[in-house]
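As structure tokens, the structure follows; a few thoughts come after it.
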Amino acid sequence: MARTLGVAVVGFGWMGRVHTQAYARVLHHFPLLGLRPRLVTVAEEVPGRAEEAAAQFGFASTTRDWREVAADPRVEAVSVTAPNFLHREIGVAMAEAGKHLWIEKPVGLGGDDARAVAGAAAEAGVQGTVGFNYRNAPAVEAARELIVSGELGAVTHVRIRLFSDYAAHPEGALTWRYERERGGSGVLGDLASHGADLARHLLGDIAALTADTAIFLPERARPTGATAGHARAAGGALGPVENEDYVSCLLRFASGARGVLEACRVSVGEQNAYGFEVHGTKGAVFWDFRRMNELGVSRGTAYQDQPVSTVYVGPGAGEYGAFQPGAANAMGYDDLKVIECHRFLRSIAEGTPHGATLADAVHSATVLDAMARSAETGAWVTLQR
């Protein structure tokens, strides 16, 4: 019989809701997990939002102060889905209180924050899972197997793109996301963090890089009240955008492969255009998040004029079989977070990390810090391994 595990969610914006829904669904897809999450408490400082969460999802209690979660003996595991500037303080406090952590990327405002949370978790002996959800897509796992198996030959180069229009509207509110003190970096921490994780997950360590960044919408209107998601604030007082809208980066991998990573939050006409193209000496593999359950695959011995086939992933790829019985049945974004939830709870049950960990967050943050330094200096930056 599954053991009950008391869980809490800190920060109930969109991502807090996604985590909560994953806890509610996880045993539907992974009935042999061995742990049954129980929604103990939700912390959210916006008045009324925690109470709404409790009414909808059945949290036993609510609070506006996350510190009460750290002190609550009923809570054994915590989802940290608060804004970036709170990741370090909350993450360290929860780890020191002996709570397992499921924390959203980028785990703070930079590498120092990610290392602090990872260090606290290691010292306390708690598990730490990080929200690099795109690596959980069964098609991405199938692509990684193609690469690792050598079916594509030696990887020569990769292109990773993360384009979105969530910040493209000039009336988009000047929320914490656009401030250095609370958001840290801009599209680096938001989208490029996923790109850095995918690059390492697929091709191994990055040895060196050079990057360029830009702010294309330098001013936004300040919101007059609480915001959620990417709200608009037409007519508010204008304030400066302090972090980057766009980044492009050239990568050199330890394997000798080369790469391009590009991310933008103001790409008009692009909605969640995330994906990669990996080329090897014998073949290639292509993935687009908007066609999440399929791959473009080229393999064989033709080299020149070698065709690309569309492959629909099925139950043999990653955790696909926990959701759908046959290939080409669609999975969606929230399913990736259910997989992440399963790996988090499995890590707790077995005492062994599964999925993206705090160590992976440190690696990603180190790459992002190097991108920021390169953009400032115009120079290549070598990463220490």
Side-chain angles (χ1 to χ4, degrees), residues 10-19 44-49 52-53 80-87 104-110 131-134 160-196 211-249 261-275 288-290 332-334 337 364 368 371-372 375:
V10 176
F12 204 79
W14 169 66
M15 188 53 69
R17 180 177 294 272
V18 172
H19 277 230
E44 171 56 64
E45 65 178 12
V46 176
R49 192 178 284 175
E52 291 175 7
V80 180
T81 56
N84 297 354
F85 70 97
L86 294 171
H87 286 184
E104 275 304 313
K105 57 81 195 168
V107 190
L109 302 182
F132 290 127
N133 40 264
Y134 299 110
I160 299 172
R161 70 188 184 286
L162 298 109
F163 295 158
S164 189
D165 64 355
Y166 69 79
H169 202 291
E171 293 179 358
L174 187 69
T175 65
W176 60 268
R177 294 180 181 276
Y178 305 99
E179 300 174 355
R180 285 285 180 192
E181 185 175 350
R182 297 194 297 165
S185 60
V187 78
L188 276 174
D190 190 14
L191 297 182
S193 59
H194 284 297
D212 185 33
T213 62
I215 297 173
F216 295 132
L217 293 177
E219 290 186 320
R220 294 181 182 273
R222 299 185 186 278
T224 56
T227 61
H230 306 291
R232 298 194 190 162
L238 294 178
V241 172
E242 298 173 351
N243 50 34
E244 72 289 338
D245 291 324
Y246 170 85
V247 61
S248 61
C249 183
L261 191 162
E262 193 176 14
C264 185
R265 63 189 181 187
V266 297
S267 298
V268 174
E270 299 278 17
Q271 297 85 39
N272 301 318
Y274 311 151
D288 186 330
F289 169 65
R290 296 169 298 181
Y333 175 89
D334 284 13
K337 302 306 278 192
S364 175
L368 300 183
M371 289 184 189

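In this text the structure is predicted, and so the values were computed from the model without any measurement. FYI, side chains are in, hydrogens and waters are out, and symmetry mates aren't considered; it's all heavy atoms of this structure.
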Under 3.5 Å donor-acceptor, Glu219 side chain and Leu238 backbone
no
Please check if the side chain of His194 supplies one atom and the backbone of Phe132 the other of a donor-acceptor pair under 3.5 Å.
no
Pairwise side-chain contact, Leu174 with Val241, heavy-atom cut-off 4.5 Å (strictly under):
yes
Is the closest side-chain heavy-atom distance between Phe85 and Leu109 below 4.5 Å?
yes
Are Glu244 and Arg180 ion-paired here, with the side-chain N under 4.0 Å from a carboxylate O?
yes
Are any non-hydrogen side-chain atoms of Ile215 and Asp245 less than 4.5 angstrom apart?
yes
Supply the atom-to-atom distance Arg265 CZ to Leu217 CG, rounded to the nearest 0.5 angstrom.
8.5 Å
Quick one: does any side-chain atom of Arg220 pair with a main-chain N or O of Ala167 as donor and acceptor, under 3.5 Å?
yes
Gap separating the CZ atom of Arg161 from the OG atom of Ser267, nearest 0.5 angstrom:
11.5 Å
Using a distance-only test with no angle check, is there a side-chain donor-acceptor pair under 3.5 angstrom linking Asn272 and Tyr333?
no
Could you label the plane-to-plane angle of the Tyr274 and Phe289 rings as parallel, tilted or perpendicular, counting under 30° as parallel and over 60° as perpendicular?
parallel
Can any side-chain N or O of Thr81 pair as donor or acceptor with the backbone N or O of Val10 at less than 3.5 Å?
yes
Within the structure provided, determine whether Glu181 and Glu242 are in side-chain contact (heavy-atom separation under 4.5 Å).
no
Please check if the number of heavy atoms outside Glu45 that lie under 6.0 Å from its CD is greater than 12.
no
Could you pull out the closest heavy-atom pair between Leu191 and Cys264, with the gap in Å?
CD1-O, 3.7 Å
Looking at Pro106 and Gly108, what are the two nearest heavy atoms and their distance?
CG-O, 3.3 Å
Close side-chain approach of His19 and Glu104, heavy atoms under 4.5 Å
yes
For the CD atom of Glu179 and the CZ atom of Arg222, what is their distance to the nearest 0.5 Å?
6.5 Å
Inter-residue atom distance Ile160.CD1 - Glu262.CD, 0.5 Å rounding
12.0 Å
Measure the spacing between CG of Leu188 and CG of Leu261 and express it to the nearest 0.5 Å.
9.0 Å
I'd like to know if the side chain of Asn243 and the backbone of Arg177 have a donor-acceptor N/O pair within less than 3.5 Å.
yes
How close do Glu44 and Phe12 get, counting heavy atoms only, and between which atoms?
OE1-N, 2.7 Å
Salt bridge Glu270-Arg290, side-chain N to carboxylate O under 4.0 Å
yes
Do side-chain atoms of Ser364 reach the backbone of Ala196 as a donor and acceptor pair under 3.5 angstrom?
no
Distance in Å, Ser164 OG paired with Gln271 CD, rounded so as to fall on 0.5 Å steps:
7.5 Å
